[in-house]
Peer 1: 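Can you read through this structure? Questions will come right after.
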Amino acid sequence: MQNSRHVVLARQPQGQPVPADFAVQARTLPDLPAGRVRVEVLYATANPGSRNRLSGQASYARGMALGETMEGPAVGRIVQSRNPDFQAGELVSGPFGWAEHVQVSGRGLRRVPADTPSVSAWAGILSIPGLTGYFGLRDTGAAKAGETVLISSAAGPVGATAGQIARLMGCRVIGIASGAQKLRWLREVAGFDAVVDRAGAATADDLAARIAAAAPDGVDLYFDNVGGPLLDAAIANLRLKGRIVISGQISDYNTAPEQRYGTRRVDSFISKRLRMEGLVVFDFADRFDEATTAMTGWIRDGRLKFKEHIVDGLEALPALFCAQMRGEIFGRALARLAS
């Protein structure tokens, strides 16, 4: 038997989530069945992409039920194994969610190399956010050397990864973010060629003018994590046969479907012959090892940077998630549950 605490969905958020939408529950895990492993979670993540599911809506995954453990990528250590493919003591990443201990099959587990440059990175840049940036930029977006790439929420873990990979591919990269700290990090640490401050821009036209100043010759590829008026602002600056990758729509996550902004520039898809494609990173699951091997090498040689915001304790996760949804977190939002 193993005692464990879990954070569950206590009620469906109405608009902006608040910590009271979640609850901590104590559980006793049963004896470990054959074929499964028991994992002590080291780092759990507050993942903004799960917001839609908290209202019971299905997206690329089903809506969450009340009382269900919050899901999300995590990294942990196997403390007991009854699966011949895994041994106690191994570090693994997987969808462990907001829990101190979990019992899972080997399906979906990825071994964390013993010489990894960062264990926490396997819940961040070497997990879903980084993989999303990698495949969204290279495969869905089909970025090419010499192109201009524009990225929204560029200081977030997905955008920052996508932008740096675009630079490695020989693209000119422009990042959109808010606030001096994030903009400075994008220029001085992540190496973006130009940045656009979206703070204080009242309309899509205001945003479009700021983008045009940074990209006077237009944009070939827009990697979108935000949606809303920012998407229209980017469309206004796309070149002929420009492409859009829809990775996330964080501006709409706290809005009822009938109140969401959408796009007002559909005519541009005709006049400019634009293409827009949605991105679900799990479509590339059979190539995850390819991506983590490449990104680990870039991290080791200093060409791929990442930023984390780490708090301590399982009980800190609800407030961390809510702060992230308010745009107050800079870096991958993680809770350290054990060491």
Peer 1: Can you give me the closest heavy-atom contact between Ile329 and Gly331, atom names plus distance?
Peer 2: CG2-O, 3.7 Å

Peer 1: Honestly curious: do Leu126 and Val119 fall in one hydrophobic cluster under the side-chain, below-4.5 Å linking rule?
Peer 2: yes

Peer 1: Shortest non-hydrogen contact from Gln249 to Gly227?
Peer 2: NE2-CA, 3.3 Å

Peer 1: If the plane angle is over 60° it's perpendicular, under 30° parallel, otherwise tilted; pick one for Trp98 and Phe321.
Peer 2: perpendicular

Peer 1: Minimum heavy-atom separation for Ala88 and Ser81, please, with both atom names.
Peer 2: N-CB, 4.3 Å

Peer 1: Please say yes or no: joined through hydrophobic side-chain contacts below 4.5 Å, possibly via intermediate residues, are Val266 and Leu274 part of one cluster?
Peer 2: no

Peer 1: What distance do Thr69 atom OG1 and Met64 atom CE have between them, rounded to the nearest 0.5 Å?
Peer 2: 7.5 Å

Peer 1: Charged N to carboxylate O under 4.0 angstrom, Asp139 versus Arg287?
Peer 2: yes

Peer 1: Are the side chain of Arg27 and the backbone of His6 linked by a donor-acceptor contact shorter than 3.5 Å?
Peer 2: no

Peer 1: Exactly one of Leu183, Asp206, Leu207 should register a side-chain contact (heavy atoms from CB on, under 4.5 Å) with Arg198. Which one does?
Peer 2: Leu207

Peer 1: Would you say the side chain of Asp220 lies within less than 4.5 Å of the side chain of Lys144, judging by non-hydrogen atoms?
Peer 2: no

Peer 1: Going by heavy atoms in the side chains, are Asn3 and His101 under 4.5 Å from each other?
Peer 2: no

Peer 1: Quick one: are Ile128 and Val281 in side-chain contact, heavy atoms under 4.5 Å?
Peer 2: yes

Peer 1: Hey, does the side chain of Gln103 reach the backbone of Arg36 with a donor-acceptor pair shorter than 3.5 angstrom?
Peer 2: no

Peer 1: Between Asn225 and Ser152, is there a donor-acceptor pair closer than 3.5 Å when you use the side chain of the first and the backbone of the second?
Peer 2: yes

Peer 1: Can any side-chain N or O of Arg273 pair as donor or acceptor with the backbone N or O of Leu240 at less than 3.5 Å?
Peer 2: no

Peer 1: Can you tell if the side chain of Gln16 reaches within under 4.5 Å of the side chain of Val18, non-hydrogen atoms only?
Peer 2: no

Peer 1: Between Ile310 and Tyr43, is the side-chain contact (heavy atoms from CB on, under 4.5 Å) condition met? List the steps.
Peer 2: CA-CA 9 Å; Ile310 301 177; Tyr43 291 94; 4.2 Å; yes

Peer 1: Flag the pair Thr296 / Thr116 as yes when at least one side-chain heavy-atom distance between them is below 4.5 Å, and no otherwise.
Peer 2: no

Peer 1: So, Arg110 versus Thr292: side-chain donor-acceptor pair below 3.5 Å or not?
Peer 2: yes

Peer 1: I need the minimum non-hydrogen distance between Ala99 and Phe96, along with the two atoms involved.
Peer 2: CB-O, 4.3 Å

Peer 1: Drop me the distance from Leu186's CG to Gln164's CD, to the nearest 0.5 angstrom.
Peer 2: 8.5 Å

Peer 1: Can you tell me if Lys272 uses its side chain to pair, donor with acceptor, with the backbone of Ala236 under 3.5 Å?
Peer 2: yes

Peer 1: Does Gln324 use its side chain to pair, donor to acceptor, with the backbone of Ala46 at less than 3.5 Å?
Peer 2: yes

Peer 1: Without swapping roles, check the side chain of Asp197 against the backbone of Ala180 for a donor-acceptor pair under 3.5 Å.
Peer 2: no

Peer 1: How far does CG of Leu42 sit from CG of Leu337, to the nearest 0.5 angstrom?
Peer 2: 8.0 Å

Peer 1: Among Ser127, Ser247, Pro157, find the residue that satisfies the side-chain contact (heavy atoms from CB on, under 4.5 Å) test when tested with Thr132.
Peer 2: Ser247

Peer 1: As a quick check of understanding, evaluate side-chain contact (heavy atoms from CB on, under 4.5 Å) for Arg332 and Phe306, giving each step before the final call.
Peer 2: CA-CA 8 Å; Arg332 179 61 161 168; Phe306 62 96; over 6 Å; no

Peer 1: Within this structure, what is the CZ-CG distance for the pair Arg38 and Leu29, rounded to the nearest 0.5 Å?
Peer 2: 6.0 Å

Peer 1: Just how far is it from atom CZ of Arg275 to atom CG of Leu238, taken to the nearest 0.5 Å?
Peer 2: 13.5 Å

Peer 1: For Asp193 and Val173, indicate whether the former's side chain and the latter's backbone hold a donor-acceptor pair under 3.5 Å.
Peer 2: yes

Peer 1: Whether Asp115 and Arg300 form a salt bridge (side-chain N of Lys/Arg under 4.0 Å from carboxylate O of Asp/Glu) is what I want to check.
Peer 2: yes

Peer 1: Can you spot which of Arg210, Arg264, Arg265 makes a salt bridge (Lys or Arg N to Asp or Glu O under 4.0 Å) with Asp205?
Peer 2: Arg265

Peer 1: Donor-acceptor check, side chain of Thr45 to backbone of Asn47, threshold 3.5 angstrom: yes or no?
Peer 2: no

Peer 1: Kindly determine whether Phe284 and Leu279 satisfy side-chain contact (heavy atoms from CB on, under 4.5 Å), including the steps that lead there.
Peer 2: CA-CA 10 Å; Phe284 301 95; Leu279 166 64; 3.9 Å; yes

Peer 1: Work out which heavy atom in Ala215 is nearest to a heavy atom in Ile174; give both atom names and the distance.
Peer 2: CB-CD1, 3.4 Å

Peer 1: Mind checking the CE-CZ spacing from Met276 to Phe269? Nearest 0.5 Å is all I need.
Peer 2: 4.0 Å

Peer 1: Val8, Val24: one ILVMFWY side-chain cluster at the under-4.5 Å cut-off?
Peer 2: no

Peer 1: How far apart are the closest heavy atoms of Ile151 and Ala162, and which atoms are they?
Peer 2: CD1-C, 3.7 Å

Peer 1: Please determine whether side-chain contact (heavy atoms from CB on, under 4.5 Å) holds for the pair Val37 and Val104, giving the CA-CA distance in whole Å, both sets of side-chain angles, and the decisive distance to 0.1 Å.
Peer 2: CA-CA 6 Å; Val37 298; Val104 296; 3.8 Å; yes

Peer 1: Side-chain heavy atoms nearer than 4.5 Å, only ILVMFWY residues, links allowed to pass through others: does that put Trp122 and Phe282 together?
Peer 2: yes

Peer 1: With a 4.5 Å heavy-atom cut-off, do Arg187 and Phe192 have their side chains touching?
Peer 2: no

Peer 1: Taking the side chain as C-beta and beyond, is there a heavy-atom pair between Met70 and Leu317 under 4.5 Å?
Peer 2: no

Peer 1: Are Met169 and Leu137 side-chain neighbours, meaning at least one heavy-atom pair lies under 4.5 Å?
Peer 2: yes

Peer 1: Give a yes or no on whether Leu314 and Val79 share a hydrophobic cluster (residues Ile, Leu, Val, Met, Phe, Trp, Tyr; joining criterion: side-chain heavy atoms under 4.5 Å apart).
Peer 2: no

Peer 1: Could you tell me whether a side-chain N or O of Asp232 sits under 3.5 Å from a main-chain N or O of Thr263, the two making a donor and an acceptor?
Peer 2: no

